[in-house]
Number of protein chains: 2
Amino acid sequence: MNNVEQLKYVMKQMINITEEECNIFLNKTNLKIFKKGEVVSKPEVIPNEIYFINKGIIRVSIIDNEGTEHTIHFALENQFIADYSNFMQRTPSMYTLQALEETEVVVLPRTTVDWGYQYLSEGQKLGRLIAEYYFIYQDMRIKNTYILTPKQRYDRITDVFPNIHNRAPQHMIASYLGITPIHLSRLKKS
Amino acid sequence: MNNVEQLKYVMKQMINITEEECNIFLNKTNLKIFKKGEVVSKPEVIPNEIYFINKGIIRVSIIDNEGTEHTIHFALENQFIADYSNFMQRTPSMYTLQALEETEVVVLPRTTVDWGYQYLSEGQKLGRLIAEYYFIYQDMRIKNTYILTPKQRYDRITDVFPNIHNRAPQHMIASYLGITPIHLSRLKKS
DNA sequence: TCACAACGTTAACAAATGTTTAGATTTATG
DNA sequence: CATAAATCTAAACATTTGTTAACGTTGTGA
């Protein structure tokens, strides 16, 4: 029941929930710490956990048919992260989740998530708001790939991932932007 | 209370809802028909409606700072469409919605949507499932921009938009793929 | 501390994609 | 039906982006 204060705060921001209801729910979670570089979640497995980051940073990546790795996302403190698509569809994950620093997470097993939908008085609403939050993020991302150049997206990356330049190597940032590290190097000069 | 059978069917697929509850909800909607080429929703206005397409096809587009128009999405029969991000955030829309054929929609005004969240017994769950459905679609899209070439995305476009080649001009498809119509012409030859 | 791997930059060249212009065909509409 | 607009293709050239290889720096674990 310790170290869930951040998640408790986030939940109380999103829905009406009593201290007691919240505590019962959070009792069904557990804490986990990943070392720098450690893999949090592997592809080819049906994901059955959602993570809430207390401290640290998790990179989401995927490998294409040529074997090239692409960085899809960075997840920061006070955010939920999972291969959410495959979690919901109960299909094997395609993403790798990896801690870029020592990272502490609250683990929400599927049983806990389902319990929340069933028994928390505003559980469905919480789920809706979280899905909507990420929908808005993805919509902004998709929009930006259409209307911004890679350079412009690079210049604005700290809007979405503050301090990312001190927490992730440049080649991962380039990969997130969809360009090669060599090309990012070039863009920075101009 | 007519011409809502398709939407009724979709709702009953997603949540437990009685015929009566459904009818009360659908009484708060209205039907609208757009002619071919007609604009459904303009940018710079706070969107206050969600549309469910009975028949037809709606294109979603955005204009960048250089004045170039980009096709972001096609919405087909039995799908919901809106500038959902800005609907939720109550901020001015950035997208243009335009009917590519004569299109019949069920209009869900914001008041109706809010009523559903408040009074439908599984209203929040319905909202969650819809947001999750579009999250999965967006996730697939983002993933594909990383791991597929434009040609591969072109070859698979009918997976997502069946029969799109007969319903939208090629330059809009090229725009959706993020390439110029000239380049799409080239890709088709190879 | 030392040695090795990871990282960032640069240059030269190759491949992918965009731009401009033109022309032919199809489609929409009075 | 006739005309104008929209659409698709093509070629030539320009720009952007990727690839390969080399080099120096930094970080990290034995």
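Order of the sequence lines sets the chain letters (A, B, ...), proteins ahead of strands, with each chain counted from 1.
Of the residues B:E20, B:E19, B:E21, the one that meets the salt bridge (Lys or Arg N to Asp or Glu O under 4.0 Å) test with B:K8 is B:E19.
Relative to the side chain of B:P169, the nucleotides C:dC7, D:dT17, D:dC8 differ in distance, and D:dC8 lies closest. Considering only side-chain atoms of A:K189, the nucleotide from D:dC8, C:dA11, D:dG18 that sits closest is C:dA11. When the nucleotides C:dT19, D:dC8, C:dC7 are ranked by their closest atom to the side chain of B:I182, C:dT19 comes out on top.
Residue A:L184 is out of contact with every strand shown, counting any heavy-atom pair closer than 4.0 Å. Residue A:P181 is classed as having no contact, given no heavy-atom separation below 4.0 Å to the nucleic acid. Nucleic acid contact for B:K151: none, since no nucleic acid atom lies under 4.0 Å from a heavy atom of the residue. Residue contacts shown for A:G37 are absent, as no nucleic acid heavy atom lies under 4.0 Å away.
Going from atom CG of A:N166 over to atom C1' of D:dT26 covers 15 Å, rounded to whole Å. Rounded to a whole Å, the CZ atom of B:R153 is 13 Å from the C1' atom of C:dA16. Rounding to whole angstrom units, NE2 of residue B:H70 and P of C:dG18 are separated by 11 Å. Regarding A:K188, its NZ atom lies at a distance of 19 Å from the C1' atom of D:dT16, rounded to whole Å.
Looking at B:R59 and B:E101, no side-chain N of the basic residue comes within less than 4.0 Å of a carboxylate O on the acidic one, giving no salt bridge.
The side-chain tip of A:R110 points at the ring of A:F87 from less than 6.0 angstrom away and within 45° of straight on.
Taking 4.0 angstrom as the limit, B:Q170 places a side-chain polar atom (N or O) nearer than this to OP1 or OP2 of D:dT9. Residue A:K36 places at least one side-chain N or O under 4.0 Å from the OP1 or OP2 atom of D:dT28. For the pair A:T180 and D:dT17, the criterion of a side-chain N or O lying under 4.0 Å from OP1 or OP2 is not met.
Nearer the 5' end of DNA chain D, as judged by each residue's closest nucleotide, is the contact made by B:A168, out of B:A168 and A:R186. Projected onto DNA chain D by closest heavy-atom contact, A:H183 and B:M172 fall at different nucleotides, the more 5' of which corresponds to B:M172.
For the residue pair A:K188 and A:Q170, a side-chain donor N or O sits within less than 3.5 Å of a side-chain acceptor on the partner. For A:Y95 and B:D139, the side-chain atoms include at least one donor-acceptor pair closer than 3.5 Å.
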